[in-house]
Trainee: 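Sending over a structure as structure tokens; questions will come in a sec.
As the structure is a prediction and not an experimental result, all values here were calculated from the model.
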There are 2 protein chains.
Amino acid sequence: MNQPCPQHAHPRRLVQQPLSDLTARLRAQSRKITGPRQAILDVLRSHAIPLTNRQIHHALGKSDCDLATIYRTMHTLLEMGLVRRCDFGDGTARFELSDADDPRHHHHLVCRVCNIVVEIDACLPPQLEADLALRHGFSQIAHHLQFFGVCPRCKEHPDAADPAGLPGRPGPRREP
Amino acid sequence: MNQPCPQHAHPRRLVQQPLSDLTARLRAQSRKITGPRQAILDVLRSHAIPLTNRQIHHALGKSDCDLATIYRTMHTLLEMGLVRRCDFGDGTARFELSDADDPRHHHHLVCRVCNIVVEIDACLPPQLEADLALRHGFSQIAHHLQFFGVCPRCKEHPDAADPAGLPGRPGPRREP
DNA sequence: GATGGATTTGCAAATGGATTGCATCTTCGG
DNA sequence: CCGAAGATGCAATCCATTTGCAAATCCATC
């Protein structure tokens, strides 16, 4: 860790997680493979950035399932470790796939103006959490880290709106 | 930065910010020095950890001012740079003093079980954000970083409840 | 295949943080 | 001391998220 992103634009990740894996995991907890759950996972698979529940709901379109179902499903998937939760500080949870085969730890760089999201792998020095554990007596230490800035495009055109085209977040945020 | 906390228990910081400073800043923006604002700042001064608006409201007790006023005041203080906003991932904003004389950048280590908060100064390697800016073309990069773990006390007594004694957050959170 | 029971879903209502409109009250420069 | 700008209280509202409950769906088993 600690070295910055190897490429300017990090390649989008379109995970093809084998259904069998999901099936096995669900079975193991006497949970069921339902239409909504598969549809939701499909949506997550086809997007490379974290989505809000509302965005997922919107993306589902016709095969519409209830928002409450999406909320419940995300809880389930979180518990099962199939998704990861991201917090961009705007009061709305976002979720991205955390495929079991490649549970790659990473963070995000979010444009304060247009909300575009770039996935990065820069991270904390690995020994830092161990030091914290030692000094404060805490165990099971994990961290949340996100970066905010102004993307090159918004630096150029300070009036452009959400090019990410993702619903669910109106204007710029109020983060420092 | 990057070196961990110099002490096991970071000394609580009870800032005595000169009122004159506040006065000057408020005047400079044609804002007024009101009872509620002073009371809110007093509450923040007497607490060493970030507080939710509800906690502030509760702490105000008799000199009760409306919750809405607290929300508005925090916006104002944020804009003025007198407070800093913290996000512990539970959907509630927290605020701590960011005294102008010592706008020390720091982060928090939060116990997942009892919510106790420890202030730490471990941080990212300084060049990391510069690298990000360079590689992704972003400018004005800042970061949000928080640590979660299980405090020594909760490791011992897995049933203890909120020893911090702070209202506003019921049980443990659902963070990874 | 058909079936029963546990799990899920849809719907609607409720919860909780945060924001806002508006009339009234305060603060503070003059 | 006065008046206007700015603040506050109150109530209504917004939005993300959660929850109760009856109906629908899965799936292990027959």
Trainee: Between dA7(D) atom P and Met74(B) atom CE, what is the distance in whole Å?
Mentor: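 Roughly 15 Å, once rounded to whole Å.
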
Trainee: List the residues meeting side-chain hydrogen bond (donor to acceptor under 3.5 Å, both in side chains) with Asp66(A), not counting sequence neighbours, and say none if there are none.
Mentor: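 For Asp66(A) there are no side-chain hydrogen bond (donor to acceptor under 3.5 Å, both in side chains) partners, ignoring immediate neighbours.
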
Trainee: Excluding sequence neighbours, so at least two apart, what forms salt bridge (Lys or Arg N to Asp or Glu O under 4.0 Å) with Asp42(A)?
Mentor: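 With sequence neighbours excluded, Asp42(A) shows a salt bridge (Lys or Arg N to Asp or Glu O under 4.0 Å) to Arg45(A), given in chain and number order.
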
Trainee: Atom CE of Met80(B) to atom P of dG6(D): distance rounded to whole Å?
Mentor: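 In whole Å, dG6(D) P lies 14 Å from Met80(B) CE.
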
Trainee: Not counting sequence neighbours, which residues clear ring-ring contact (aromatic ring centres under 6.0 Å, His included) with His143(A)? List them please.
Mentor: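 With sequence neighbours excluded, His143(A) shows a ring-ring contact (aromatic ring centres under 6.0 Å, His included) to His105(A), His107(A), given in chain and number order.
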
Trainee: Could you tell me whether the phosphate oxygens of dT17(D), OP1 or OP2, come under 4.0 Å of any side-chain nitrogen or oxygen in His75(A)?
Mentor: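 So the side chain of His75(A) is outside the cut-off, no N or O lying under 4.0 Å from OP1 or OP2 of dT17(D).
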
Trainee: Among Leu44(A), Ile40(A), Thr73(A), which residue satisfies the side-chain contact (heavy atoms from CB on, under 4.5 Å) criterion with Val83(A)?
Mentor: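 That would be Leu44(A); it is the only one of Leu44(A), Ile40(A), Thr73(A) passing the side-chain contact (heavy atoms from CB on, under 4.5 Å) with Val83(A).
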
Trainee: Applying side chain to side chain contact (heavy atoms under 4.5 Å, CB included), can you list everything that pairs with Ala133(A), at least two apart in sequence or on another chain?
Mentor: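 Listed in chain order: Ile141(A).
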
Trainee: What's the CD1-P distance between Ile70(A) and dA16(D), to the nearest Å?
Mentor: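 After rounding, the reported distance stands at 13 Å.
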
Trainee: In this structure, how many angstroms lie between the C1' atom of dA13(C) and the OH atom of Tyr71(A), rounded?
Mentor: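 Answer to the nearest Å: 16 Å.
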
Trainee: May I have the distance from Asp87(A) (atom CG) to dG17(C) (atom P), rounded to whole angstrom?
Mentor: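 About 16 Å, once rounded to whole Å.
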
Trainee: Give the rounded distance in Å between these two atoms: CD of Gln55(B) and P of dG17(C).
Mentor: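 Answer to the nearest Å: 10 Å.
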
Trainee: Mind checking side-chain hydrogen bond (donor to acceptor under 3.5 Å, both in side chains) for Glu79(B) and listing every partner two or more places apart, or none if nothing turns up?
Mentor: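 Once residues adjacent in sequence are excluded, the partners of Glu79(B) under the side-chain hydrogen bond (donor to acceptor under 3.5 Å, both in side chains) criterion are Arg31(B).
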
Trainee: Could I get a table of every N or O pair under 3.5 Å where one atom is in the protein and the other is in nucleotides 21-23 of chain C?
Mentor:
residue	atom	partner	partner atom	Å
dG21(C)	O6	Arg72(B)	NH1	3.2

Trainee: Have a look at the helix from dG1(C)-dC30(D) to dG30(C)-dC1(D) and give the angle its two end axes make, five pairs each, rounded to 10 degrees.
Mentor: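 Answer rounded to 10°: the end axes differ by 30°.
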
Trainee: Carefully, step by step, assess Phe95(A) and Leu78(A) under the rule side chain to side chain contact (heavy atoms under 4.5 Å, CB included).
Mentor: CA-CA 9 Å; Phe95(A) 301 90; Leu78(A) 257 187; 3.9 Å; yes

Trainee: Ignoring hydrogens and angles, state whether a donor on the side chain of Glu96(A) or His47(A) is under 3.5 Å from an acceptor on the partner side chain.
Mentor: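 The criterion, which ignores hydrogens and geometry beyond distance, is not satisfied for His47(A) and Glu96(A).
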
Trainee: As a quick check of understanding, evaluate side chain to side chain contact (heavy atoms under 4.5 Å, CB included) for Ile120(A) and His136(B), giving each step before the final call.
Mentor: CA-CA 10 Å; Ile120(A) 61 182; His136(B) 298 282; 3.5 Å; yes

Trainee: Just the rounded figure in Å: distance from P of dA12(C) to CG of Asp66(A).
Mentor: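 Between P of dA12(C) and CG of Asp66(A): 9 Å.
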
Trainee: Which residues pass the side chain to side chain contact (heavy atoms under 4.5 Å, CB included) test with Asp87(A), sequence neighbours left out?
Mentor: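 Once residues adjacent in sequence are excluded, the partners of Asp87(A) under the side chain to side chain contact (heavy atoms under 4.5 Å, CB included) criterion are Asp87(B).
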
Trainee: Please compare Asn53(A) and Asp64(B) by the position of their nearest nucleotide in DNA chain D and report the one closer to 5'.
Mentor: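 By nearest-heavy-atom nucleotide position, the 5'-most residue is Asp64(B).
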
Trainee: Test of understanding: with side chain to side chain contact (heavy atoms under 4.5 Å, CB included), list the residues that count as partners of Ala39(B), not counting sequence neighbours.
Mentor: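 Once residues adjacent in sequence are excluded, the partners of Ala39(B) under the side chain to side chain contact (heavy atoms under 4.5 Å, CB included) criterion are Leu60(B).
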
Trainee: Would you mind reading off the distance between His57(A) atom NE2 and dT9(C) atom P, rounded to a whole angstrom?
Mentor: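 The answer, rounded to whole Å, is 13 Å.
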
Trainee: For nucleotides 26-30 of chain C, print each protein N/O atom paired with a nucleotide N/O atom at under 3.5 Å, atom names and distance only.
Mentor:
residue	atom	partner	partner atom	Å
dT27(C)	O2	Lys32(B)	NZ	2.9
dC28(C)	OP1	Ile33(B)	N	3.1
dG29(C)	OP1	Arg27(B)	NE	2.9

